[in-house]
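Have a look at the structure below before the remarks.
Each chain gets a letter, A, B and so on, in the order the sequences are listed, and its residues count up from 1.
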Amino acid sequence: MELKDLIRRGPCAWEIPMRGPMKVPAVVYGNEALVREMDDKAREQAVNVACLPGIVRASYVMPDGHWGYGFPIGGVAAFDADQGGVVSAGGVGFDVSCGVRCLHTGLRRGDVLGVQQKLADALFADIPAGLGSQGAIRLNHQEMHDMLVGGAKWAVRKGWGSEADLDRIEEGGQMLHAKPGFVSDLAKTRQRPEMGTLGSGNHYLEVQEVGELHDAAIADAFGLHGGDIVVMIHCGSRGLGHQIGTDYLKRMVEAAPSHGLVLPDRELACAPLRSELGQQYLGAMRAAINCALANRQILTHLVRAVFARVLPQARLPLLYDVSHNTCKQEQHVVDGRRRELFVHRKGATRAFGPGHPDLPAALRAAGQPVLIGGSMGTGSYVLAGTQASEGLAFSSACHGAGRAMSRHQASKNWQGRQVVDELARQGIFVRSPSPRGVAEEAPGAYKDVAAVVDAAEQAGLARKVARLRPLVCVKG
DNA sequence: ATGTGC
């Protein structure tokens, strides 16, 4: 986007002022280079979001923002039900509750370097990955219902993980007010064989080494030290979330006239929070959040089983699990008044600051771990939420590097095999069922994650804690 | 993201 069309509000904050039908301004976070590189479509989409009824304060774009379906990826928007606010299926995204989980291992770099290939092969053998991948678990009707209501709590009850895990998951591992009755039979049928699977696209499971520490005190509070080995899992609600997105998008488009909504873009389909359809979507979306939490919990169990065989001295407690595609009811202070808002984060990570009551006691003083999944070769980051983020973006930060080019372009620029070989030379062992998928996810197809998190920190959205370097990657 | 789609 053109910088001259934006008003600079800080070193990493840019405002698109209110114009025409906009109800609030749009605010884009990023340094000059990142904002200049952002697609004009992302700008147009942030402006469209700013036109929706009941939007509060501003439509935000995170530093890794880019063009998405309806809302930009990296978009944050909060709505007030009392002011005609809406909920949007495109504002959550198709991969409902896609998110990142980080596990400690108790291992050090030296424990893993000799067995990297063995570990890569074992993880690849036991973690179902790729498009249409199926797991060993088949849920019957009652189990599907219980999973959609219980989330990771249900998974732990079934033996996949421990009670201690739940404290380190958003919502204690269970999203309340989920309504499986508003999830279509097709969505449930699609999900039946997909529990405990990674999926495809940018989803992955990595064994990583803690590299540079940016804030040693917070890193210590998070239990991270240079040379520690961690496992990062990035995936979501698979076919179920996708089908819910598809189902409700269609229904929201059809119902828009009856709700008196004139949509600037069909992809922005939404429904008033105070409507039957809006409430049904919220119930279904919360069920999809539980599906994603249960899925990451089962994957955690599979990972622990692999480590028990390959590196039996490892112990894998959960550091944190956070989603970056959700709409959540939260209280935020706006103009000095505490208000109940519905915050859409699409490709944006919740980032509660120090002292927030929803954080686990052991992490509360340090702030929420904000887990940033980078691309395969470039590494990932752990950030911490700040107090300032609430006023800047309803306690949100970036979620990853963000694509720099389309999948199509990337698949023309690279071959999967080449990418795997090049990364192996750098000591990063990739296993994937899809060479084409690897090409589409080539490190060069992404923006520089370091620049993204630097901008997030400079904007005040979160604080850098540690950089993580990949050693093993199972790619969907 | 996704049994890549009307």
Give A:Glu194 one of three labels, base, sugar-phosphate or nothing, depending on what nucleic acid heavy atoms sit under 4.0 Å from its own. sugar-phosphate
Of A:Phe94, A:Tyr248, A:Tyr69, which meets ring pair (Phe, Tyr, Trp, His ring centres under 6.0 Å) against A:His242? A:Phe94
Report the residue (A:Leu131 or A:Glu441) whose heavy-atom-nearest nucleotide on DNA chain B is the more 5′ of the two. A:Glu441
A:Lys188 NZ to B:dT2 C1', in whole Å, measures 20 Å
Looking across every strand, which nucleic acid part, if any, lies under 4.0 Å from A:Gly236 by heavy atom: base, sugar-phosphate, or nothing? nothing
A:Asp95 CG to B:dT4 C1', in whole Å, measures 14 Å
Can you check the A:Leu198 CG to B:dT2 P distance for me, whole Å? 9 Å
Atom CD of A:Glu267 to atom C1' of B:dC6: distance rounded to whole Å? 15 Å
Take the protein atom NZ of A:Lys250 and the nucleotide atom C1' of B:dG5, then report the distance between them rounded to whole Å. 15 Å
What integer distance in Å separates A:Asn295:CG from B:dT2:C1'? 14 Å
What integer distance in Å separates A:Asp247:CG from B:dT2:P? 16 Å
Should A:Lys447 and A:Glu37 count as an ion pair when the cut-off is N to O under 4.0 Å? no
Less than 4.5 Å apart, any side-chain heavy atom of A:Leu468 and any of A:Val230? yes
Please determine whether a side-chain nitrogen or oxygen atom of A:Thr246 lies at a distance below 4.0 Å from atom OP1 or OP2 of B:dT2. no
Where does the angle between the aromatic ring planes of A:Trp154 and A:Trp160 fall among parallel (under 30°), tilted (30 to 60°) and perpendicular (over 60°)? tilted
In whole angstrom, give the distance that lies between atom CD of A:Glu254 and atom C1' of B:dC6. 14 Å
